[in-house]
There are 2 protein chains.
Amino acid sequence: MNETPHRILVVDDEPSITEFVSYALKKEGFFSDVVDNGEDALALASKNSYDLFILDIMLPGMDGYELCRRLRSKTTVPVLFLSARDTELDKVVGLEIGGDDYLAKPFGVRELIARVRALLRRGSGGDFPGASHAITASNITLDEDAHTASGEHGEIELTPREFELLASLMKNAGKVVSREDLLRDAWGWEYLTETKTVDTHIKRLRDKIESAGYDPALVETVRGYGYRFKA
Amino acid sequence: MNETPHRILVVDDEPSITEFVSYALKKEGFFSDVVDNGEDALALASKNSYDLFILDIMLPGMDGYELCRRLRSKTTVPVLFLSARDTELDKVVGLEIGGDDYLAKPFGVRELIARVRALLRRGSGGDFPGASHAITASNITLDEDAHTASGEHGEIELTPREFELLASLMKNAGKVVSREDLLRDAWGWEYLTETKTVDTHIKRLRDKIESAGYDPALVETVRGYGYRFKA
DNA sequence: ATAAATCGTACGTAATTCGCAAAACGTGCT
DNA sequence: AGCACGTTTTGCGAATTACGTACGATTTAT
């Protein structure tokens, strides 16, 4: 489907975040290295060549801004900042320094991937216009650009959570997705929500699928493991 | 779609600006090289041939004026100056020296592109007659040259901001555009304004669409993600 | 100087999310 | 077959969040 996979360097000291990010990146076919401090980041950056840097603003020792400044003195590779929420001021500072985009925690996989794609696109080539990001399975098409899910009977009206949930299931159509994975995909990391809550949303999702004229059994439950979208 | 893409050389030392400019240019189908100082600019300019120069006035070492003078001694290629806001005086100086146009920060994508097009048109043949820059969707046509939006019930009177907003939405008709993207497209600078402000302008836009006899629901809101122009 | 346009804040309303608790279901065992 | 146990479904109300709208302050254009 693609050419050479993009290489991404992730710099963050919180393991829960790096795990989440690198997991998401890998799943989308990106290559990523992870380090937890600025010094190692600089060392790696000069050894290997990356297509994108993802930096947390808060880092032990050299902070994200400083790191960005140093990276920028050598290269023109795009930078995506991560930061704790509600730090409005940081936005301006980060972008002035040369960060290309900014993502406030908590963020979800889809949002992260979208930004990463956008930044990589900016750098080189870009994907073709009309390369719509859509998934189709069992006569349902989920269009990520338009944020719609539809089939022969028309559109299925979904709330954000339901949409993310369906997206995660359909991306893995035919495979079981655990409640934990669903939480990760549709909610984002560090969301201390009960895995039980997934069940509730699955119900609402099935309800809407049914009332839109489709088969609610498209979302199969795999007892003891999770859910699966019928392939 | 087009013949040979125009080549543009961007000279600015602020990465956030060069990113923004080259991104905007690429999106419109132009080719751009970026350098952050006058010396490199001269070197590149004598090696390659460009159709337009975009110069920041404030540059480390040789400033934009000086650079313009030197470029002008060799070629007749048009020059577009960029400068920090509120530097009214620069305008005169820049244009006297041989700059062909002038753009004060902060500027928006569309404004930038408009000037670039105008300058390129001046220089060579101009873009083909009839290559009108118009977008049509759902029976509304937005003419970027004339700066008008109209349909079967006549014209929709819009303020500049509303026009940019509608343009951004219509360019992505059928796709959701986030408030952040709208800010970037219609305002030009990311993060300098509140995303909530977008809502206000959307309302005003819908009001005008409605009072002009069209359906305000053409601008759909996609809860949790942004807005979408009905395809 | 006057009018137009822009921007942000405040607040009401409606949509969405969440998790408990009870009911329904599936499974294995006797 | 019937029972017991764990799992999933479902209903429902409370808390949260997003959106629309109004309004006033500020900036910009004429």
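First the proteins, then the strands, lettered A, B, ... as listed; each starts at 1. Basis for what follows: all heavy atoms, side chains included, without hydrogens, waters or symmetry-related copies.
- Between A/R161 and C/dC18 there is a side-chain polar atom (N or O) within less than 4.0 angstrom of OP1 or OP2.
- Comparing C/dC18, D/dT9, C/dG8 against the side chain of A/Y227 picks out D/dT9 as the nearest.
- Applying the 4.0 Å criterion to OP1 and OP2 of C/dT9, one finds that B/K196 has every side-chain N and O outside that range.
- Atom CD in A/E162 sits about 11 Å away from atom P in C/dC18, given to the nearest Å.
- Residue B/T193 places none of its side-chain N or O atoms closer than 4.0 Å to OP1 or OP2 of C/dC7.
- Rounded to whole Å, the distance from CD1 on B/I202 to P on D/dA22 is 16 Å.
- Other residues, nucleotides and ligands contribute only 12 or fewer heavy atoms inside 6.0 Å of the CD atom of B/E157.
- As rounded to whole Å, 12 Å separates atom P of D/dA18 from atom CD of B/E180.
- Annotation: side-chain hydrogen bond (donor to acceptor under 3.5 Å, both in side chains) contacts of B/N172 (sequence neighbours excluded): none.
- Between the side chains of B/T197 and B/E194, no donor N or O sits under 3.5 Å from an acceptor N or O.
- With sequence neighbours left out, A/R110 forms a side-chain hydrogen bond (donor to acceptor under 3.5 Å, both in side chains) with A/E144, A/E164.
- Overall, the helix from C/dA1-D/dT30 to C/dT30-D/dA1 carries an axis bend of 40° between its ends, with five pairs at each end and the value rounded to 10°.
- Looking at residues two or more places apart in sequence or on another chain, you find no salt bridge (charged side-chain N to carboxylate O under 4.0 Å, His left out) involving A/K26.
- With sequence neighbours excluded, the residues that form a ring-ring contact (aromatic ring centres under 6.0 Å, His included) with A/Y214 are A/H153.
- Per the geometry, CG belonging to A/L183 stands 13 Å off C1' belonging to C/dT17, to the nearest Å.
- Listed by chain and number, the residues in a salt bridge (charged side-chain N to carboxylate O under 4.0 Å, His left out) with A/D36 amount to none (sequence neighbours excluded).
- Of the two residues near DNA chain C, B/T197 and B/L158, the one whose nearest nucleotide lies more 5' is B/L158.
- Listed in residue order, the members of residues 204-226 of chain B having a heavy atom less than 4.0 Å from DNA chain C are B/R204, B/R223.
- Heavy atoms of A/T159 sit under 4.0 angstrom from primed sugar atoms or phosphate atoms, though from no base atom.
- Contact check, A/W187 against C/dT17: no side-chain N or O comes under 4.0 Å of OP1 or OP2.
- Closest to the B/D199 side chain, of the nucleotides C/dT6, D/dG20, C/dT9, is D/dG20.
- A sub-4.0 Å separation between OP1 or OP2 of D/dT8 and a side-chain N or O of A/R179 is present.
- For B/T221, there are no side-chain hydrogen bond (donor to acceptor under 3.5 Å, both in side chains) partners two or more places apart in sequence or in a different chain.
- When the nucleotides C/dC7, C/dT17, C/dT6 are ranked by their closest atom to the side chain of A/H201, C/dT17 comes out on top.
- Taking atom CG of residue A/L165 and atom P of nucleotide C/dT17, one finds them 10 Å apart after rounding to whole Å.
- Between the side chains of A/S16 and A/E19, no donor-acceptor pair of N or O atoms lies under 3.5 Å.
- A search for side-chain contact (heavy atoms from CB on, under 4.5 Å) contacts involving B/V222 returns A/H147, B/V176, B/Y225, B/R228, not counting sequence neighbours.
- Taking every side-chain heavy atom of B/T200 into account, C/dT9 is the closest of C/dT9, D/dC19, C/dT6.
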